[in-house]
Amino acid sequence: ADTGAGSGGDGGGSEGGSDNLTITFLPKNLGNPYFDTSSKGGKTAVEEIGGTFAEVGPAEATPDAQVSYINTATQQGVGALVVSANDPKAICDALNEARDAGVKVVTFDSDTNPDCRDLFINQADAEGIAKVQVDLIAEQIGGAGEIAVLSASANATNQNAWIDLMTEYLASDYPDITLVETVYGDDDDQTSFDKTAALLQTHPNLKGIISPTTVGIAAAARYLSTSDYKGTVALTGLGTPNQMREYVEDGTVTAFALWNPEELGYLSAYAAAALIQGDITGAEGDTFEAGDLGEYTVGADGTVLLGDPFEFNADNIGDFDF
Amino acid sequence: MTATTATATTRVIREHDRPLWHRVLLTREMAIIALLILVIVVAMSTVRGFGQPITLNYLLLDVAPILLIALPMALIMVTGEIDLSVGSMVGLASVVTGVLTQAGAPFEVAALAALAVGVVGGAVNGFLVTVVGLPSLAVTIGTLALFRGLAVGLLGTTAVTDFPEMWTALAKAKIAGTTIPYITVPFLILLVIFVVLLHFTPFGRGIYAIGLSKDAARFSGVHVERTKFILFVLAGVVAAFAGIFFTLRFGSARGDNATGLELQVIAAVVLGGVSVFGGRGQLHGVVAAVLLIGVLSSALRLANVTSDVINIITGGLLVASVVAASLLAWAQRLRARIPPSRLTASSAP
Amino acid sequence: MLDSVADQIDPLNGEDAPVAVEVENRSPADAALELHRVVKSFGPVVALRSGSLTLRSGSIHALIGENGAGKSTLVKIMAGLYRRDSGEFRLHGDDVDFTSTAQSKAAGIAVIYQEPTLFPDLSVTENIFMGRQPTSRIGRIDRKSMRQEVEQIFRRLGVSLDPDRITEGLSIADQQIIEIAKAISLDASVLIMDEPTAALSGVEVERLFAVARSLRDEGRAVLFISHRFDEVFALCDTVTVMRDGAYISTTPIAETTVDELVRQMVGRDVTELFPKQTVPVGGPLLEVTGLTSPGIFHDISFTVRAGEIVALAGLVGAGRSEVARAVFGVDAYREGEVRMLGETVPRHNPTHAMRAGLALVPEDRRKQGLVIESGVGSNITMAIRSRLAKFGLLTTGMENRAAKEWASRLEVKAHALDTVSSTLSGGNQQKVVLAKWLATNPRVLIIDEPTRGIDVGTKAEVHRLLSQLAGEGMGILMISSELPEVLGMADRVLVMREGRITAEIDRAEATSENVMFAATHATELHS
Amino acid sequence: MTTTSIQRSGLGKAMGGVGRAREFGILIALALVVIAATAKNPNFLFSADGWRDLLLTPSILVLVAVGQAIVIITRNVDLSVGSVMGLTAYLTGRLFIDIPGIPIVIVVIAAVAFGALLGLVNGALVAFAKVPAMVITLGTLYAYRGINVLWAGSDRVNASDMPKDFLGLGTAQLIGIPVLAIVALIVLAIAAWYMRNTRSGREYYAIGSDPAAAELYGLKVTRRLLTAFVLSGALAGLAGVFYAARYGSVSSQAGAGWELDAVGAAVIGGIAITGGVGSVWGAAIGAMLLMTINRALPILGIQDFWQRAVVGALIIGAIVLDRVLAVRQKRRLIEARDES
Ligand SMILES: Nc1ncnc2c1ncn2[C@@H]1O[C@H](COP(=O)(O)OP(=O)(O)OP(=O)(O)O)[C@@H](O)[C@H]1O
Ligand SMILES: Nc1ncnc2c1ncn2[C@@H]1O[C@H](COP(=O)(O)OP(=O)(O)OP(=O)(O)O)[C@@H](O)[C@H]1O
Ligand SMILES: [Mg+2]
Ligand SMILES: [Mg+2]
């Protein structure tokens, strides 16, 4: 790998495995605490394995900016690239080019089309994520009433998939709950904040908000905690304990969910290493050892499942720091 | 008029104030080109992986939209106007291409429609600036939001991803035997067109005249409004073309494609020596500046420098380049003891 | 004695010609301001080789010289805008070295620059008091007293401008009046006026003179720069002549004559200031009928024939320039028609007007006539750029060939074709504008204030040129605020007043009396 | 001559009227938006949150727009305000984290001073190096943001990191008016008074109206330019504090894109981009209008995705209307000369 992609290119399709344990993490964007935590896990894992860790990424979560970084990784001839995709299709070609040059590609958090990567490390299965959030909100609003969704950007793959599943699950299990609107805060504090304000004004009968994104739920909680709706409009979704601690303690939010992003990064790094070393190819049924997390098996479509989402509430939030 | 020659004595005026080498070499454009070469040489020898042929491919693909749009933008800025809506137009054209392809139109038709949208968008800007007489900065802040809003509104959460393989492949295809992407061909054609337009036609003389003095240009029979209108339309079309390229390259039409591109384009155009006050600038400087920024980011990325540092360096370079230019002018004035001329002081690039 | 000295030196003769001339009877005691052997160059251009000047309190001093003689440069040094390279500069006997205009202002020097320097978006009052508005103790501007003061100055100047109007859109004349008011309000001990009257007409000039005289009587020193000899003789006590950046002579006005001054200025004799030859008048070229633009001009009709010079006279603000601009298509008009050689010229389109054979030399050289920040060459070819192009393509080489030809035909004095036009003297700038339009080979030349701010020598050249062009069959419509020019040059005089043509007078009958009468009294003459 | 004087005088007064009418027109537009939204949903105005947000949401942009207005009046522009605001917002959070128990006043002063310093850098480059502000501030837009990202990394300041008292400022009210809005109003009033009634205030207009003439005139152009940028930076700094207090969480991207909002607000409010014309009141009303339109659209039933488009159309509509009215007024005045 010292000579760059040129030599990597030969190793392209070979199954033999290599010792190039350079693993680069490419989150959706930098400056996002969620990815900060996942990269931390990744770094721990890479150090355990004895490889070289790097984190690169654009300032803004757009696919075109991500492509430049994928290309760079290709040029550098890294061993594996661990990506959270800003678009399932737009970065595909770049990823495939990287794979052609011998780079193993692992997606985590947000997947691409299955044919553009070797593995997808799924934080929790989509149905599970959708279900836990809907169940939480249903419990908090008493199983009936209007709810709304505050999402990330309009094109976020994972968010959109969850919202679709939530809608189905609502229709089948909670017919009395209506999802009145989905708005997009673009994973920006201020936009999410202002969209929350607008939601509350536009729908005076709103009972609850689901925000399946860590930035969104924090901003929404901040607005709610300062408004008259505090305590009357429920809020749940996916958030990090550190950002939500304040609002759980002051009663704005009773419970929310998330997996451990640190573990997600950790697992992704181990999976990447396993691919590099040729222990697995990404085929269904492959198994690999993921350090402290134990053994994992590759499922259908080259997907590895981290586990079930975890529910945070006032009782347990004190135990976490990420 | 022959009689007027009666007074014509022997005095023949010289063509140039300064010697040729002075005029050609001591220019801002040349400084940028020199810097570009320097950065390439340094990157080749110190950044691992930069020397590969594929670098050129990635580099050109990355900067292609900026290169394309910088051409009409430079002309617009020479007239003293600005177009902030180009990034949004890239997005809108991308979405139009996507929506129509999705609706079953052949890709070629969709692309033509996107170009037409570019014409219309450019014409809207042009109309508001020239006929209604509004400042272009204000107008294009408005259309920046409008075009982006239309793009996002048309596609919502979806992204169109099925484009004909033939076209998406072409967008990334390399010219046989090289790593140069095909997009270079239309770019070079446009470059020739714009260079001729700006530097070798009466129209181009008008563009400079407008930038230096709108009144004087109008009194000389320059169609100030028409010229500006045409330039805005050109910017619209080229941005739309860049949008189609963008769509094909990533195989994905999204409402937020190329967000923020306008500032990158303007930064490059200014770095290339075009004065934001109008009347000054040349295209070789602009092209060199786009490449300079591209090469610099590419090399820095390869050296695992994070995006924020790259931004600082880009911003710093922009500031340094203009500050250096004005320091140089200041030093020259000091040597020659020329007072800061009232008019030139405000028109330094 | 002065004459002999002036005769001895010939500044045109190379750099090391002996230029130093002692100013006669220098007595610093009553000299308010003194400049001695001041040198100033701009890169390769030596604007001042040896400028000397002595202003005395209680006296009005004239400074005359050809275009580019260095008068304005001298003024700008006194104003602290430029710093001299060498030489002495004393104010009330003390050596001074200003580094900014604020300093000269504080030292009691008020300057009216050749080009008005107003803030177009601010009111007349604010323009006059900018930076030194009367304020209350907490620093609040006292608008009321500021306004009162302006009204007082305007009364003194006898003008009736609205103090609250923004200055945008004011005519050059009104702008000049504000400059004058500004300088007067400074209450300075030295007042310098660089061609203040260039844009003014008779009445305003008279008022300005009255003010200048009263300032003199208050014991202030006044410097007056002008190209009009009648004014110099009417107003000034002493006159200093400059030529090619060097001091030539200082004479009490009573002891000299126009011919003498002209000879010193130009270094040769100039005769025939207005050499309009009579040529047979041909058929009509330009026919304007019923041109109307509400609020600006009304029912303007006239004809310009081949070989004829038609003057459009009137007071400042009468709307003459607007008519010219409308005819040439720069401005729109609502009613009426413009025809060239019988063909209607489409309105509001200068290109069509040019194609029809019209050319317009506008009144504001720096803003309208020239792309002032652009080179001399590209300015000359600006109006013929499409014509020069081959297959739609145009190169600098093609431009330079044409520009060179026209620059030498009109004897433009510029360093090179790519010399920036703003560095040329006013007269040379005017020549560039003329070259630019003559290059289009027009049938009718409209020329607005052809000799504003131009020295006698160049002026005579311009007049000779106009006369010659008419002789070749060109029709010329000349707008001028200088009566002698109108009377000397025109075959026919149209007089405008408040947007209407109030009289049409033939050369034979035209006198200053009847032209002025038509310009100031509405209908009587017409009937 | 006397007759002309009367006409001109009339024209002058009326022209002044046009100037005032610009701000008035925007005010009317603002009122219309509020009325329409309230008619659709009374909560927009007549609920505690609605009333508060109406005043609170624009406050931050008002501050930035006032600074921007001063800079634009001098015929410059400050594109770095978004980045300055982001940096000072992060600084605010950082101070609370790193120096526990630090008095809020000190933090406010530090943030404002830091903003002023960043503005000084802009101003010095513009005034001394004589480089167009647009270029300089486009450069510092990137550079300041880069510094912010470098400094913050992926860290963000969360509500729990800041004292309750401080966060309380973000929503606290005094006699039914949010404190932040009151502060913004005070700042606005001072700025307006300063720009209108002091010598230095008027010099900003003079410089913007004709920079070359200002130089000839002997105005202290350099000092004024420096002050303008320092003011803009300081106000963006204050806005950064507001931002932290109001949104309670600050990432390295805080304030991204605000420069266009600030310029847009100033332009909508009748500040001529070519300098010399306009008032900070106008800019403030422009800011109110922009933010209020944003809030009103969802209520008026415009779908989320289309809101950007509507905002764009409204910006254009506002400036077109403004222009059409001004032109018509001017033409009427010229033609009125005939009648008198
Ligand atoms: N800023 C400048 N840069 C270069 N050359 C200059 C500059 N200003 C003046 N000059 C040159 O200096 C000479 C003197 O110019 P100046 O303006 O003093 O003449 P003037 O006597 O005032 O002429 P006019 O009667 O036309 O106003 C001219 O040759 C002019 O071209
Ligand atoms: N009654 C009026 N009220 C306000 N402005 C006026 C009035 N009359 C004329 N003006 C303005 O005064 C200016 C002078 O008009 P114009 O330039 O046509 O006069 P002119 O006769 O050509 O004088 P000059 O010799 O200065 O060129 C014009 O800009 C015009 O708009
Ligand atoms: Mg002069
Ligand atoms: Mg005139």
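First the proteins, then the strands, lettered A, B, ... as listed; each starts at 1. Side chains included, hydrogens not; waters and symmetry mates left out as well; all remaining heavy atoms used.
The minimum heavy-atom distance between B:Ala145 and D:Gly312, with the atom names listed, is CB-CA, 3.6 Å. The minimum heavy-atom distance linking B:Gly149 with D:Trp306 is given by the pair O-CE3, 4.3 Å. Annotation for D:Tyr142 and B:Asn311: closest pair CB-O, 3.5 Å, computed over non-hydrogen atoms. The shortest heavy-atom contact between B:Leu150 and D:Ala309 is N-CB, 3.7 Å.
With a threshold of 4.5 angstrom between heavy atoms, B:Leu137 approaches chain D through side-chain atoms but not through N, CA, C or O. Of the atoms belonging to D:Leu150, heavy atoms from both backbone and side chain fall under 4.5 Å from chain B. For chain D, the nearby part of B:Leu144 is the side chain; its heavy atoms alone come within less than 4.5 Å. The contact between B:Leu84 and chain D is made entirely by side chain atoms (from C-beta outward), counting heavy-atom distances below 4.5 Å. Residue B:Ile82 touches chain D through its side chain alone, counting heavy-atom pairs closer than 4.5 Å. Proximity to chain B is absent for every atom of D:Leu79, based on heavy atoms less than 4.5 angstrom apart.
One finds the CD atom of D:Glu259 at 6.5 Å from the CG atom of B:Leu263 (value rounded to the nearest 0.5 Å). Here CD of B:Gln264 is found 10.5 Å from CG of D:Leu138. Values are rounded to the nearest 0.5 Å.
Contact count against chain D (heavy-atom pairs under 4.5 Å) is highest for B:Gly133 among B:Pro135, B:Ser307, B:Gly133. Among B:Ile310, B:Leu154, B:Leu271, the residue making the largest number of heavy-atom pairs under 4.5 Å with chain D is B:Leu154.
Counting only heavy atoms from C-beta outward, the side chains of D:Met134 and B:Ile266 approach each other to under 4.5 Å. A 4.5 Å side-chain heavy-atom check between B:Thr143 and D:Ile316 finds at least one atom pair inside the cut-off.
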